[in-house]
Structures are given as structure tokens and as C-alpha cells.
Number of protein chains: 2
Amino acid sequence: MLDPWTLRVLVEVARRGSFSAAARALSMTQPAVSRQIAGLEKRVGVSLFQRVPRGVRSTAAGAAAVDLADEILARLKAMEVHLTAYATLDTGQLRLTAFPSVNSSFVPAAIRRFRAAYPGVSVSLTHPDPAGPLAAVRAGRTDIALLTAWDLAAPVDGIELHRLLDDELLVALPVGHRLAGRKRVRLRDLRDETWIEGGHPDCLGPAPQLADGLGSAPQIGFVCDDWNSKQALVAAGVGIALVAASAMMAIRTDVAVRRTHPELPTRTLYAAAVAQPFQTPPVAAMLKMFAMRTKQLDTSEFPAVLRVHE
Amino acid sequence: MLDPWTLRVLVEVARRGSFSAAARALSMTQPAVSRQIAGLEKRVGVSLFQRVPRGVRSTAAGAAAVDLADEILARLKAMEVHLTAYATLDTGQLRLTAFPSVNSSFVPAAIRRFRAAYPGVSVSLTHPDPAGPLAAVRAGRTDIALLTAWDLAAPVDGIELHRLLDDELLVALPVGHRLAGRKRVRLRDLRDETWIEGGHPDCLGPAPQLADGLGSAPQIGFVCDDWNSKQALVAAGVGIALVAASAMMAIRTDVAVRRTHPELPTRTLYAAAVAQPFQTPPVAAMLKMFAMRTKQLDTSEFPAVLRVHE
DNA sequence: GATCAAGCATGCATCGAGCGTATGTCAGAC
DNA sequence: GTCTGACATACGCTCGATGCATGCTTGATC
């Protein structure tokens with residue numbers, strides 16, 4: 001295997017025209033250079049430099065060798081730079097997995113911030129894995145998976161969980177609904193309503209508490225994956241739905257969102273990622289972005305939330 | 001400097017999907033592979049392989065690294081092959097320097113044989129160096145310079161001289177010349193002739209002996225570099241000239257070439273090249289070609305020579 | 001569920017490639 | 001004629017990579 005250091009010596013000798021000068025330039029001694037070149041010449045079986053009184057002169061083979069070596073050294077350097085770029089987030093990729101209700105505003109906002117900070121890293125956002133968020137991370141199918149507290153069974157080793165947000169659960173009604181005028185809606189008053197459930201289990205919230213508040217199990221009228229369709233169904237008066245406060249950036253004007261009484265427990269949002277030693281720089285950076293987002297989470301960033309208090 | 005051996009390990013690990021398998025394939029131990037990869041990862045600051053129970057899986061950076069490494073390793077191999085090709089004469093170059101009279105047949109024949117044996121080596125043929133053949137070789141301006149015996153002053157150190165040919169000197173006359181019918185021409189009978197001298201001093205031969213034979217100094221009528229023009233001048237009856245037997249392949253039919261009486265001393269042809277330790281393979285090969293040529297030198301290869309004996 | 005096998009990481013001793021110092025030799029320069 | 005600059009070689013040493021032994025974790029199997 002040709003040693004790059006030998007190639008480095010080779011090009012320096014060709015450039016300087018002398019072993020001694022090359023040695024000085026490379027902070028080594030002249031005998032070391034002499035041996036390097038001699039070894040290379042012995043290896044390829046051809047003289048690369050003609051020894052002349054003033055120093056050395058490239059032979060035809062030597063000149064060709066210098067050209068090839070220059071090319072290779074440049075590529076080695078480029079490889080190192082390219083790989084280092086992964087550490088400095090100048091390049092790389094990040095795969096996110098999240099479910100519809102956080103995809104409406106929370107995740108896109110984080111991605112926007114991430115992209116602004118690290119434009120070289122390509123971010124992809126995929127739908128939830130059938131095997132669950134933790135399994136998806138564990139199997140390496142995604143880098144960060146978002147999940148809510150009640151997805152969380154036993155904490156899995158090798159997976160880091162980051163608490164991102166305590167998300168308030170609200171009820172979405174058509175603006176013309178009989179209870180839409182209230183600041184808070186009594187859950188008990190909703191016991192006869194038809195509920196629209198999201199495709200993801202998180203989208204209906206903690207069923208036991210909801211059932212307790214209603215006084216009976218909610219009547220599920222529709223199951224609908226798509227957040228837009230869900231809103232449209234609510235607006236059309238087909239039914240009512242639970243929504244998370246963090247998703248209210250994308251709320252329609254013909255849908256009213258109201259707090260409940262009693263309040264439903266907050267839904268805690270977590271990010272799951274592989275644990276520290278094997279965490280890639282983009283993952284760590286995105287987790288920081290999420291954390292930063294949490295700190296700055298206030299009602300001013302969610303103008304739609306204000307409408308809750310109308 | 002990125003070590004090629006590390007790159008080799010890198011691609012092997014990626015190909016096999018496991019440190020242990022890569023170690024077996026590379027005839028080394030698993031800890032060695034582990035440390036190679038760990039060192040590379042530490043160096044570029046990014047994880048290249050994700051450690052999974054079955055073995056390892058490339059990260060995005062790892063996959064990119066493997067592609068780059070593959071490219072570099074291929075180029076390193078190509079470089080080694082290319083340089084080795086200089087030793088095996090699959091490529092290279094050879095610069096010859098020779099004067100017109102040997103360029104008419106002797107040198108072209110040798111070049112033809114050389115090219116047939118080593119088609120990858122490019123041969124160039126240049127005109128004599130103003131500083132002389134030995135100086136040209138010594139200064140590295142040419143690889144092999146041809147010279148005749150009387151060019152040879154003191155033997156120069158670092159230069160090898162190879163005796164190639166003892167070349168007979170003959171006289172060229174117009175076919176209609178009064179002496180063209182003889183098998184041999186008495187030099188004395190030519191004392192009143194006008195001589196055409198070649199641009200190169202060798203082309204008139206050893207002046208003292210010629211003057212002795214003629215009985216007086218030859219009258220130089222023309223000086224002409226070009227061998228074809230020289231022949232044409234002889235054919236036109238402008239004058240007569242000396243020619244070397246080895247140049248008779250290219251003789252015109254309206255020029256008669258005759259031996260002289262007394263015979264002129266033979267002109268010995270030498271090849272000068274740098275001495276052994278720094279001799280390139282093409283030079284050594286061409287010297288062999290010249291030597292082979294010498295052995296096979298007989299009249300059957302010079303049909304024109306036969307006409308001397310007519 | 002307990003053992004087993006496979007695979008990666010780490011500590012320790014060893015070996016060798018490459019280096020530096022010292023020295024020899026040779027060719028120009030003044 | 002001496003002197004300087006440049007390359008080659010011998011010798012001793014250092015440091016980095018390797019191999020061996022070991023520990024740990026995970027998945028498979030009975």
C-alpha cells in the first residue's frame with residue numbers, strides 16, 4: 001500500500017528540486033527523505049529522480065508520479081474535510097418521525113430553525129413507524145422519533161428521551177356550536193357529542209380521563225388521519241375533536257378551540273434518539289433546537305392560543 | 001494524513017458489516033480493526049459506524065467515507081500500476097539524438113524494432129545538441145546520443161559508451177561519372193573533384209586520411225545538411241561526397257557508391273547514455289536493440305551495399 | 001429463563017517501520 | 001586547493017500498530 005506520507009515527500013522533492021530542501025520544508029532530515037524516495041523507487045522498480053550535482057531532477061516516471069500523487073493527496077485532504085463537515089454540521093442528514101398533530105406547527109418550526117442554522121444538513125420527516133417510535137429509533141430506521149407520554153412503556157436502554165413540551169389538550173368545536181361562546185366548555189356538556197378521532201392514538205388524548213369528564217365513553221364517529229380533514233369535519237359540524245395547543249398555529253377560523261372543565265391532563269411530548277455515545281451531530285443539534293423551542297414556548301408564539309381566552 | 005490502510009479497513013468493514021469479519025478478511029485481529037475505526041472516527045470527529053448487535057451499520061458519514069475511500073484506494077492502486085509500467089516498459093519515453101547520416105536507416109531501423117517490442121514507450125528523435133552528444137546526455141537533455149569515434153575526447157565519468165557499428169566509408173558519384181564503372185575508385189583519381197560536405201563534421205569523414213589519399217586537401221564545394229539534397233547534388237553532377245555504408249538503404253538509383261583505394265578507415269558509431277545505476281528501463285532496452293542490430297549487421301540487410309561490388 | 005455464542009471495547013506487552021545523528025563521498029565554486 | 005552543498009549509508013532509538021487476554025452486551029436456543 002502506497003503511503004501518503006511518501007507521496008507528500010515525493011511532491012515536495014519534485015517541487016523543491018532537492019532532497020535537502022524538501023526535508024527542511026517538511027520538518028524532517030535529509031536522510032529520511034532520501035530513504036523515502038529510495039524505498040518508493042525500489043517498490044515500483046523505476047528511478048523517479050535523477051541525482052544531479054545541484055540536487056535532483058524528475059525522470060519521466062517521476063513527473064508522472066508527482067501528478068498522480070498530487071491528485072491523490074488532494075482527494076485524501078478532500079475526504080478528511082468532507083468527513084469533518086459531518087461533525088461541524090456542514091453536511092449530513094437527519095431523519096425525523098412525527099405524528100400529524102405535532103407536524104402541523106411544532107415540528108415544522110423546529111425544522112425551520114434547524115435548517116436556518118445548518119443549511120447543509122438535509123432533514124427528512126416521515127410518518128410514524130408501525131412498530132412504534134422507540135422501535136424505529138432502536139432499529140435505526142429514524143434518527144429522532146417524537147412520542148407522547150402515554151406511548152412510553154418502560155424506558156429503553158440505549159435510547160435517550162428528551163421532554164420537549166407539556167401540551168395542553170383543548171376541544172375543537174364548530175364556531176356555530178351551542179357551546180362555542182363559552183370560555184371553557186364543561187366536558188359533561190359534551191357527553192352526547194360525536195367525536196372525531198385521529199388516526200394516531202395520541203390524537204384523542206387520554207381516554208380514561210376524557211371518559212371520566214364526559215361521564216361516559218366518548219362516541220367515536222370518525223377516524224381521520226389528516227389534520228386538515230379533521231378540522232374540516234369539525235367545521236362542517238360532523239363532530240368535535242380534541243386538539244393540542246401546540247397545533248393551533250394551523251387552526252381554521254371556522255373552528256373554535258376551547259379549554260375544558262375540568263381540564264384534561266397535559267400531554268407530554270418527548271423526543272426519542274439513540275443515546276449519547278452514538279448520537280450523530282445532527283441529532284444532538286436537533287435535540288437542542290427542540291429544547292430551545294421549549295424554553296421559548298409562550299402564548300405569543302401561538303397567536304391562535306389567544307383565541308382560547310376570547 | 002489519512003492512512004490508506006485505515007481506508008482499506010474502512011471499506012472492508014462496510015462491505016462485511018462487522019469488525020470481526022473484516023478482520024478475518026484482512027488477516028488481522030478484531031481489536032486491531034476496532035482501534036483503526038475508532039481512531040478514524042476520533043480523527044474526523046464523527047461516528048462512521050453504528051454498533052448494532054449483529055455487527056455494525058454505516059452511518060451517513062460512514063457511507064460517504066466508504067465511497068471516498070474506494071475512489072482513493074483505486075487511484076493509489078492505479079498509481080502503483082502506472083509507475084510499475086515504467087519498469088516493465090509498458091509506458092515511458094525515450095529521447096534519442098542522432099545526426100543525419102545514421103538517421104537515414106540505422107536509427108530508424110532500431111526505432112522500428114524498439115517500437116515493435118515496446119509500443120507503449122514513446123520515442124523522440126532530435127537533432128544533435130550544439131554542445132555535443134556527451135554534454136547533451138550529461139545535462140539530461142537527451143537519453144541516448146549517437147556519436148562517431150572521433151567525437152570521443154576523454155571518456156566522461158557517469159556516461160556509458162556502447163560501440164554499435166564499424167561503419168565503412170564510401171564515395172558517392174553520379175552514375176554517369178567517368179569512374180562510376182569501377183569496382184573501386186582510387187582516391188588519387190578524385191583529387192580534382194569538388195566535394196560536398198554534410199553539415200555535421202562526421203559526414204566528411206577523417207579529413208587527414210582523405211587528404212592523404214587524395215594527395216591534397218579536398219576542395220569543399222558545398223555544405224549541405226540534408227541527406228536527400230546532398231544525394232541530389234551528387235546526382236546532378238555538382239560534386240561528389242562521402243557516405244557511410246550503413247546509410248545506403250536510402251541511396252538513389254542515379255547515384256553510384258564505390259569503395260575507395262586505399263580504403264578509408266572505418267567510422268565507429270557509439271551510443272552514449274547515462275551509466276547504469278541511473279539508467280532508465282527504456283534506455284537499457286534501446287541499447288540492447290542497438291546491440292542486437294550490430295550482431296545482425298550483414299550485407300543482406302543492406303541490399304544497396306551489394307551494388308558496391310557490382 | 002438460563003446458558004451459549006457472537007461481536008465490540010480495552011489493558012498490556014511486543015515488535016518493527018521510520019526517524020535522527022553521525023559519517024562518508026562526490027561534484028562544483030571561489 | 002580548499003570549501004561548501006548535496007545525497008547515501010550505518011547505527012541506535014522511539015513510538016505507534018498489532019496480537020493476546022479479558023470483559024461486557026445482546027440475541028439465540030434449549
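Computed from a prediction, not measured in an experiment: that's the story for all the values here. Proteins come first, then strands; the chains are lettered A, B, ... in the order of their sequence lines, and each starts at number 1.
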For nucleotides 16-25 of chain C, print each protein N/O atom paired with a nucleotide N/O atom at under 3.5 Å, atom names and distance only.
{"from": "C/dC19", "atom 1": "OP1", "to": "A/W5", "atom 2": "NE1", "distance (Å)": "3.2"}
{"from": "C/dC19", "atom 1": "OP1", "to": "A/Q36", "atom 2": "NE2", "distance (Å)": "3.2"}
{"from": "C/dC19", "atom 1": "OP2", "to": "A/Q36", "atom 2": "NE2", "distance (Å)": "3.3"}
{"from": "C/dG20", "atom 1": "OP2", "to": "A/T29", "atom 2": "N", "distance (Å)": "3.1"}
{"from": "C/dG20", "atom 1": "OP2", "to": "A/T29", "atom 2": "OG1", "distance (Å)": "2.8"}
{"from": "C/dG20", "atom 1": "N7", "to": "A/R35", "atom 2": "NH2", "distance (Å)": "3.3"}
{"from": "C/dG20", "atom 1": "O6", "to": "A/R35", "atom 2": "NH1", "distance (Å)": "3.3"}
{"from": "C/dG20", "atom 1": "O6", "to": "A/R35", "atom 2": "NH2", "distance (Å)": "3.1"}

Rounded to whole angstroms, how far apart are [atom1] on [X] and [atom2] on [N]?
X	N	atom1	atom2	answer
A/R51	C/dG28	CZ	P	16 Å
B/R8	D/dA17	CZ	C1'	18 Å
B/L26	D/dT18	CG	P	10 Å
A/M1	D/dA17	CE	P	15 Å

* Asked: How are the rings of B/F290 and B/F106 set to each other: parallel, tilted or perpendicular (split at 30° and 60°)?
  ->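 Rings of B/F290 and B/F106: parallel, under 30°.
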* Asked: Which pair of non-hydrogen atoms, one from B/D129 and one from B/T97, has the smallest distance, and what is that distance?
  ->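 Closest pair (atom of B/D129, atom of B/T97, distance): N-CG2, 4.0 Å.
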* Asked: Hey, is A/R51 close enough to A/E41 for a salt bridge, meaning N to O under 4.0 Å?
  ->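 A salt bridge is present here (some side-chain N lies under 4.0 Å from a carboxylate O).
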* Side-chain N,O (A/R54) to OP1/OP2 (C/dG28) below 4.0 Å ->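 No.
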* Pairs involving residues 9-29 of chain B, ordered by first then second residue, that meet side chain to side chain donor-acceptor pair (under 3.5 Å) (sequence neighbours left out) ->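 For residues 9-29 of chain B, and leaving out neighbouring residues, the side chain to side chain donor-acceptor pair (under 3.5 Å) pairs sorted by first residue read B/R8-B/E12, B/E12-B/R16.
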* **Crowding at CZ, B/R141 (>12 non-hydrogen neighbours, <6.0 Å)** =>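 Result for CZ/B/R141: enclosed.
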* Would you indicate whether B/R115, at its atom CZ, is surrounded by more than 12 heavy atoms from other residues, nucleotides or ligands within a distance under 6.0 Å? =>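 Correct, the count exceeds 12.
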* **Identified side-chain contact (heavy atoms from CB on, under 4.5 Å) counterpart of A/R163 within the set A/D166, A/L165, A/L161** =>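 Result for side-chain contact (heavy atoms from CB on, under 4.5 Å) with A/R163: A/D166.
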* Asked: Under a 4.0 Å heavy-atom cut-off, which of residues 12-23 of chain A touch DNA chain D?
  ->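 The stretch gives A/S18, A/F19, A/S20 as the residues lying under 4.0 Å from the strand, ordered by number.
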* Would you find a donor on one side and an acceptor on the other, under 3.5 Å apart, between the side chain of B/S58 and the backbone of B/L48? ->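 No.
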